[in-house]
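Proteins come first, then strands; the chains are lettered A, B, ... in the order of their sequence lines, and each starts at number 1.
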Protein chains: 2
Amino acid sequence: MDQVRPYSALIERLRAAGLRPTRQRLALARLLFEGGDRHLTAEQLHSEARSGNLRVSLATVYNTLHQFTDAGLMREIIVESGRSYFDTNTSEHHHFFDADSAELSDIPGDEVVISRLPAAPSGRIIERVDVVVRVRNRAFGPHGRLT
Amino acid sequence: MDQVRPYSALIERLRAAGLRPTRQRLALARLLFEGGDRHLTAEQLHSEARSGNLRVSLATVYNTLHQFTDAGLMREIIVESGRSYFDTNTSEHHHFFDADSAELSDIPGDEVVISRLPAAPSGRIIERVDVVVRVRNRAFGPHGRLT
DNA sequence: GTGTTTGCAAAGTGTTTGCAATTTA
DNA sequence: TAAATTGCAAACACTTTGCAAACAC
């Protein structure tokens, strides 16, 4: 059945974004979009793909994530230097970042409210406002010492 | 005069942080702390140091920035993957990030107000809340096209 | 003198790129 | 078959590390 009419919704989604539904893109799209909201690095997605049967190169994973991001299917989130997270939730929302586990998670919809925001500097417009709530294990203090 | 009693305030500041006031650390501290609030990458600080007469290696600049950060003299801010900014303003405040110029700047004190914040996930405590207002040149759209 | 700090060059990350081979329409 | 996509390996940018020489106290 899969062979006959595989994942037509995702295929349409890719086509609508102007991306050919290749085997790699489709398989990555399944991993990304069929499991609810996800926050993944390229490495993580790559190894998930490998664990399932898909043969994809890391370069293709990067390309695909950027193509999906450019197409508005996902967002790139930066919380650590030297690593990008990609978020399948494109609605307006903010994030927890757990420094101990390096995991990013959504803050449910309305639990962050910004009641005042500055005007953009002259000649600029606000493109996006990111709020990152950095959390850590309760047991450790600012420099890794016990609290 | 400089030779007799050079920068005693900064020297004290370093000593108080448990850092020997070496020539390199003192010179970097001057660049960082004597010019108001600054937002610099390691590379930027390194080239400033070289422009002034100081001979410092990039590795020492990195070490020094981390030591200062660990000592609470500055903060590290992450807004772009693959690059760290260091902020000499340690008071609670947030940032503009201009994607066109890759420049980071402070949002004056009370111009960002967060009126609701979620509880930390269980077993975690909130370490810090970062708000980054990403701005760009008014003339360009989401993918660099004219608006 | 003794322990700390520095500089260098090498190694390490995560990410991007160039290009021939493959796949899609 | 023409154009888009993929994989590989090399190239990249930024950061960290190891260790001998230089320095601070």
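A donor-acceptor contact under 3.5 angstrom links the side chains of B:E76 and B:S84, judged on distance only. Judged by distance alone, the side chains of B:D130 and B:H94 never bring a donor and an acceptor atom under 3.5 Å apart. Donor-acceptor pairing under 3.5 Å is lacking for the side chains of B:D100 and B:N137.
A salt bridge links B:R38 with B:E48; the closest basic N to acidic carboxylate O contact falls under 4.0 Å. The pair A:D98-B:R124 meets the salt-bridge criterion, with a side-chain N (NZ, NE, NH1 or NH2) lying under 4.0 Å from an Asp/Glu carboxylate O.
Counted within 6.0 Å of CD on B:E111, heavy atoms from surrounding residues, nucleotides or ligands total more than 12; the atom is thus considered enclosed.
Two residues are said to be in side-chain contact when any heavy atoms from C-beta on lie closer than 4.5 Å; B:H66 and B:F86 meet this criterion.
The nearest heavy atom of DNA chain D to A:S81 and to A:T64 marks one nucleotide each, and the one closer to the 5' end goes with A:T64.
Distance, B:L26 CG to D:dC23 C1': 14 Å, rounded to whole Å. Whole-Å rounding puts the A:L14 CG to D:dA4 P distance at 17 Å. Distance CG (B:L45) to P (D:dC14): 15 Å, rounded to an integer number of Å. Atom CG of B:L58 and atom P of C:dA11 are 18 Å apart (whole Å). Computed from coordinates, the A:Y62 OH to D:dT6 P distance equals 16 Å when rounded to whole Å. Taking atom CG on B:L54 and atom P on D:dC23, their separation rounds to 13 Å, with Å as the unit. As rounded to whole Å, 11 Å separates atom C1' of C:dT15 from atom CD1 of A:I78. Between A:R83 atom CZ and D:dC14 atom P the separation is 18 Å, expressed in whole Å.
Residue-level contact check: B:H66 touches the backbone only, with heavy atoms under 4.0 Å from sugar-phosphate atoms and none from bases. Looking at heavy-atom distances under 4.0 Å, A:S84 makes contact with sugar-phosphate atoms alone, never a base.
Of all nucleotides listed (C:dT17, D:dC25, C:dT6), C:dT6 comes nearest to the side chain of B:Q24. Among D:dT5, C:dT17, C:dC8, the nucleotide with an atom closest to any side-chain atom of A:T22 is D:dT5. Of the candidate nucleotides C:dT5, D:dC14, C:dA25, C:dT5 has the atom nearest to the side chain of B:R25. Of the candidate nucleotides C:dT15, D:dT6, C:dT6, C:dT6 has the atom nearest to the side chain of B:T60.
Secondary-structure stems of DNA chain D, taken as three or more successive Watson-Crick or G-U wobble pairs (i with j, i+1 with j-1) under a 3.5 Å distance threshold, comprise C:1-25 with D:1-25.
Side-chain atoms of B:R83 do not come within 3.5 Å of backbone N or O of B:I78 as any donor-acceptor pair.
For A:R23, no side-chain nitrogen or oxygen approaches OP1 or OP2 of C:dT22 to under 4.0 Å. Note on A:R55: every side-chain N or O is 4.0 Å or more away from OP1 and OP2 of D:dT6.
Counting atom types as modelled, A:R20 pairs a side-chain N or O with a base atom of C:dT24 as donor and acceptor under 3.5 Å.
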